[in-house]
Amino acid sequence: MKNTFVGFLTLVAIMLLTVEPGQSFSCNDATNQVAPCLGYISGQGGDAPPSECCNGVRALVSSVPTTPDRRAACECLKGAAAAFPAIKDDLANSLFKKCGVSVEFSISKDINCQT
């Protein structure tokens, strides 16, 4: 668990460095919103994401109404996934659906955020 926490703090630090001033989307906010999902998408959280996770996912999706915002969120989550190797691709890819949210991207280090 300590390694997971240290990895997450590293991830948050990386995301803070990638936020551009004046941008309407905040990568820091996005990582905070999906932080409760970390246990689930790393395979340590049971069969379903916890309610705090899904609440964060819904908040994230509602905070990205425009295409540029959605692309920024996608790039943010892509970077987060790449920086945290414990994330299981199948769980991360199913997260939005399991939370009942429809969105064009997933949490994946391989996703093309420009499409």
Kindly give the heavy-atom pair with the smallest separation between [X] and [Y], and that separation in Å.
| X | Y | result |
| --- | --- | --- |
| Asn28 | Thr31 | O-OG1, 2.9 Å |
| Ser42 | Lys88 | O-CE, 3.6 Å |
| Pro65 | Arg70 | O-NH1, 2.7 Å |
| Gln114 | Arg71 | O-NH2, 3.2 Å |
| Tyr40 | Pro50 | CB-CD, 4.2 Å |
| Ala73 | Leu60 | CB-CD1, 4.5 Å |

Test item: [X] and [Y] side chains (from C-beta on) under 4.5 Å apart, heavy atoms:
| X | Y | value |
| --- | --- | --- |
| Ile111 | Leu77 | no |
| Cys53 | Leu95 | yes |
| Phe84 | Ile41 | no |

- [ ] Inspect cysteines Cys54 and Cys99 and report if their side-chain SG atoms are under 2.5 angstrom from one another.
- [x] yes
TODO: Output, in order, the C-alpha distance, side-chain angles, deciding distance and verdict of side-chain contact (heavy atoms from CB on, under 4.5 Å) for Asp29 and Ser63.
DONE: CA-CA 9 Å; Asp29 289 345; Ser63 72; over 6 Å; no
Open item on the list: What's the separation between atom SG in Cys37 and atom CD1 in Ile87, rounded to the nearest 0.5 Å?
Closed with: 10.0 Å
TODO: Quick one: pull up SG in Cys74 and CG in Asp69 and give me the separation to the nearest 0.5 Å.
DONE: 12.5 Å
TODO: Evaluate whether atom CG of Asp47 has more than 12 neighbouring non-hydrogen atoms of other residues, nucleotides or ligands under 6.0 angstrom away.
DONE: no
